[in-house]
Amino acid sequence: MAASLALPQATASAGHRFEFDLIVVGAGIMGSCAAHAAASRGARALLLERFELLHHRGSSHGESRIIRDAYANSRYLPMVRLARRLWADAEAECGYRVLTPAPHLSMGPRSNASLVAAVENAGAEEVDLTLRWGGAFRVPDGWLPAVSEHGGGVLSATKAVAMFQALAVKKGAAVRDNAEVVSIEKGPEGGVVVKTSSGEEFHGAKCVVTVGAWASKLLRSVAGVELPIQPLHTLTLYWRIKPGCERNLTAKAGFPTFSSYGDPPVYGTPSLELPGLIKISCDGGPPCDPDGRDWVSGDREVTERVARWIEESMEDHVEAAGGPVIRQSCMCSMTPDADFVIDFLGGDFGEDVVVGAGFSGHGFKMGPAVGRILAEMAIDGKANTAVEAGVELGHYRINRFDGNPMGNAKDY
């Protein structure tokens, strides 16, 4: 993909006050979806990326992400449903698929309130695991295994980001990579001025900031705003399927995505992107500095925890001895309550800058919904799509942390 697409000339001559109606900083899934949403409604959009497009340094790369409606917190259900519709719309627009449907298996102790809520919210049905998927799963007595047959699937992550970037360009957006934003300032005639480390300046009416693990650093620098977002170094692991079991564990055979609510909190996807291998990983990881990662912290501990889970739960189907075949590093940006930040930056910027951050390891699936909401908030000052879909944005305000470092967690 081109590293730099032609940018418009200074648009005062075209009767416009600014070069762009919207400047989006950060071209992961959220920023790419926001740029696409803006361009789709005819706005002059610019998408800026600090690194090369589709890089592996942030949170939106890789082969797969789970999409599911088995959510313990019901506030996310309207956003997931909106996102599914927008994923389908984007696939229809581009002409290829990035989402492979699959059932979702939730399992864990019956006493786990989050599991019970997720099962109820998804309308999942309890199943006998000895009769499903060749008996691939073995769970302890007293566990609840439940399957939601609809609403789940596997998203091809990097391919999905590329899709939204391509669609944004098709709609007229400009995309620029290797453009590290170092300053966002109020413009002399209103709007914002976005400056990069190379000395370039871009003038826009509004700005959306979606820089993932760099959100706290950038917002502290440009606005003095302290967001309690902690980047974590996470690990994606692929394990070898035992001979003779390869076909049964594939998406084509109907094998599910799955979440285990035990200890460790394991999740996985059917064998899809790498034949003969299955992705099984563990939530969480050690804190990290996105500008100073050693790329290996916590890897041994996470790998050993997942290997023990495999030996206890999928021993007859997945090979844990010898460790995973492939390890891939990633980051997730955690808020104290694991809820998103979707809000106007406020202060001197008022409603001219909108922030999307802190997606806490579960935001990718909702990228198209979040992107549209961010674009509407920036351009219109409100998000009608959120209202129509039943998404209550009050839960995602920045000020929920004022005098309350745990944010929404106090309500759980």
*Run the numbers on Arg57 and Glu49 for salt bridge (Lys or Arg N to Asp or Glu O under 4.0 Å), then give the verdict.*
CA-CA 12 Å; Arg57 303 189 197 187; Glu49 170 54 48; over 6 Å; no

_I'd like to know if Glu149 and Arg132 make a salt bridge, using a cut-off of under 4.0 Å between side-chain N and carboxylate O._
yes

*With the side chain counted from C-beta on, respond yes when Trp87 and Met163 share a heavy-atom pair under 4.5 Å apart, and no when they do not.*
yes

*Please step through salt bridge (Lys or Arg N to Asp or Glu O under 4.0 Å) for the pair Arg138 and Glu315, ending with a clear verdict.*
CA-CA 8 Å; Arg138 183 173 63 236; Glu315 180 181 22; 3.4 Å; yes

*With a cut-off of 6.0 Å (strictly less than), are more than 12 heavy atoms of other residues, nucleotides or ligands near NE2 of His56?*
yes

*Side chains of Val341 and Arg400: does their closest heavy-atom pair fall under 4.5 Å?*
yes

*Find out whether Leu129 and Leu105 are in side-chain contact, i.e. whether some heavy atom of one side chain is under 4.5 Å from a heavy atom of the other.*
yes

*Evaluate salt bridge (Lys or Arg N to Asp or Glu O under 4.0 Å) for Asp380 paired with Arg41, printing each intermediate quantity in order.*
CA-CA 12 Å; Asp380 300 331; Arg41 53 183 291 174; 2.7 Å; yes

*Residues in side-chain hydrogen bond (donor to acceptor under 3.5 Å, both in side chains) with Ser111, at least two apart?*
none

_Distance-only side-chain donor-acceptor flag, Thr158 / His61, under 3.5 Å_ = no

*Kindly indicate whether the side chain of Met314, heavy atoms from C-beta on, has any atom under 4.5 Å from the side chain of Trp309.*
yes

*List the steps, then state whether ring pair (Phe, Tyr, Trp, His ring centres under 6.0 Å) holds for Trp214 with Phe51.*
CA-CA 12 Å; Trp214 287 267; Phe51 304 110; 5.5 Å; yes

*Show the numbers, then the answer: is there a side chain to side chain donor-acceptor pair (under 3.5 Å) between Glu273 and Tyr238?*
CA-CA 10 Å; Glu273 59 265 35; Tyr238 288 86; 2.5 Å; yes

_Donor on one side chain, acceptor on other, His104 and Asp69, under 3.5 Å_ = no

*Is the ring centre of Phe340 less than 6.0 Å from the ring centre of His362?*
yes

*For residues Phe359 and Tyr396, establish whether the separation of their ring centroids is below 6.0 Å.*
no

_Tell me every residue that passes salt bridge (Lys or Arg N to Asp or Glu O under 4.0 Å) with Arg110, counting only those two or more places apart in sequence or in another chain._
Glu126

_Quick check on Glu52: does its CD atom have over 12 non-hydrogen neighbours (other residues, nucleotides or ligands) under 6.0 Å away?_
no

_Sub-4.5 Å side-chain heavy-atom contact between Pro336 and Phe401_ = yes

*Going through the distances and angles, do Glu200 and Arg176 end up as a salt bridge (Lys or Arg N to Asp or Glu O under 4.0 Å)?*
CA-CA 11 Å; Glu200 289 183 292; Arg176 173 71 63 87; 2.6 Å; yes

*Is the closest side-chain heavy-atom distance between Leu237 and Lys279 below 4.5 Å?*
no

*Check Ala90 against Phe164 and note the closest heavy-atom contact, atom names and distance.*
CB-CZ, 3.6 Å

*Any chance the side chains of Tyr71 and Lys365 put a donor and an acceptor closer than 3.5 Å?*
yes

*Name of the residue among Asp337, Asp343, Asp402, Asp339 meeting salt bridge (charged side-chain N to carboxylate O under 4.0 Å, His left out) with Arg397*: Asp343

*Side-chain contact test, heavy atoms from C-beta onward, threshold under 4.5 Å: evaluate it for Phe202 versus Cys207 and give yes or no.*
no

*Does a sphere of radius 6.0 Å around CZ in Arg50 hold more than 12 heavy atoms from other residues, nucleotides or ligands, not counting ones at 6.0 Å or beyond?*
yes

